[in-house]
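For ligands, and for the atoms within them, numbers begin at 1 and follow the listed sequence. Because the structure is predicted, anything quoted here is derived from the model rather than measured.
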Amino acid sequence: MSDATLDSKGGAGPAVADDPKRRAAFDARVAAEGKVEPRDWMPEQYRKTLIRQISQHAHSEYVGMLPEGNWVTRAPTLRRKAVLLAKIQDEAGHALYLYGAAETMGVSRAEMLDALHEGKAKYSSIFNYPTLTWADVAAIGWLVDGAAIVNQVALQRCSYGPYARAMVRICKEESFHQRQGYEAMMALAQGSPDQKKMAQDSLNRWWWPSLMMFGPSDRDSPHSAQNMAWKIKRESNDDLRQRFVDMTVPQADYLGLTMPDPDLKWNEERGHYDFGEIDWDEFWRVVKGNGVCNRERLQARRDAHDKGAWVREAAVAHAEKRAARSLAQAAE
Ligand SMILES: [Fe+2]
Ligand SMILES: [Fe+2]
């Protein structure tokens with residue numbers, strides 16, 4: 001946006017009240033596909049929504065390392081272990097880009113992490129399900145990263161510049177995640193009868209939670225219309241979910257695995273797969289903190305944060321020492 005939309009402090013801090021003229025200019029700019037940048041004026045509601053969405057996304061990448069981390073020491077071969085380590089490391093990187101993108105909106109990383117650790121901020125519920133077998137690592141790559149890509153490809157066109165740009169890079173890495181998962185799943189599906197059974201069992205457990213990743217049906221999303229108008233969201237939850245189903249069913253067919261949904265059927269007229277009703281009671285139960293692993297995941301993150309306190313303190317002390325040294329050099 002042009003400098004004319006900046007406030008007197010050269011930024012758009014939370015203290016700036018919404019003003020109808022600026023709001024109209026903002027809406028017009030966004031409607032014309034202009035990107036919003038950190039120093040631009042923006043409505044408070046836009047800022048709040050994006051801080052919530054980007055920080056939740058960052059927390060999801062961050063917590064998402066845990067279910068897979070559970071299998072690093074037990075990966076079946078050295079190659080699988082190396083691939084898994086690289087993937088988990090990518091997820092840490094995604095969290096960092098996203099915390100960085102959220103910080104450009106005036107919230108600090110410490111505040112975001114406090115909100116997570118205090119249980120005030122949400123992260124994707126999919127990570128509150130346990131990884132019981134090695135096949136679950138394969139299923140996560142195939143289905144969870146697969147669903148994430150569908151969501152994130154749409155977010156590359158989000159109106160907020162730093163978020164959209166972070167997504168471009170993240171999507172490239174997610175596509176490697178999805179492929180490694182599908183490849184690991186194929187090895188199991190084409191393996192011994194026990195391996196195939198293991199693959200089918202994990203598909204049975206991960207299919208429905210993957211569909212839930214797209215969030216409640218549009219009929220039940222109160223903020224959808226405004227978020228669509230502001231291009232925070234480019235496509236509806238139901239449309240994205242449908243795209244994921246259409247993309248994934250042929251992949252399961254190719255593996256010779258069966259989707260755990262008796263209502264799943266190609267609909268010639270619609271040109272899409274019809275599928276069964278999601279168990280929304282289960283969805284809300286996990287969102288509200290009562291999934292199998294909610295408590296364990298949060299505790300693991302809190303412990304990691306506490307144990308890392310000395311690293312943060314050392315980094316601050318080192319930065320202070322360097323700053324003092326360059327100050328002293330400048331004074332010489
Ligand atoms: Fe990721
Ligand atoms: Fe990923």
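Near-neighbour remark for the Fe ion (ligand 2): protein N, O or S atoms under 2.8 Å are Glu91 OE2, Asp145 OD2, Glu174 OE1, His177 ND1; waters not counted.
Among residues at least two apart or in separate chains, there is no side chain to side chain donor-acceptor pair (under 3.5 Å) pair with a member in residues 253-263.
Side-chain atoms of Phe275 and Val249, non-hydrogen and from C-beta on, never get closer than 4.5 Å to each other.
Between the side chains of Glu61 and His57, at least one donor-acceptor pair of N or O atoms lies under 3.5 Å. Side-chain atoms of Asn290 and Arg295 form a donor-acceptor pair, as typed in the model, at a separation below 3.5 Å.
Centroid-to-centroid, the aromatic rings of His177 and His94 come within less than 6.0 Å.
Among Gln180, Gln178, Lys87, the one residue that satisfies the side chain to side chain donor-acceptor pair (under 3.5 Å) test with Asp145 is Lys87.
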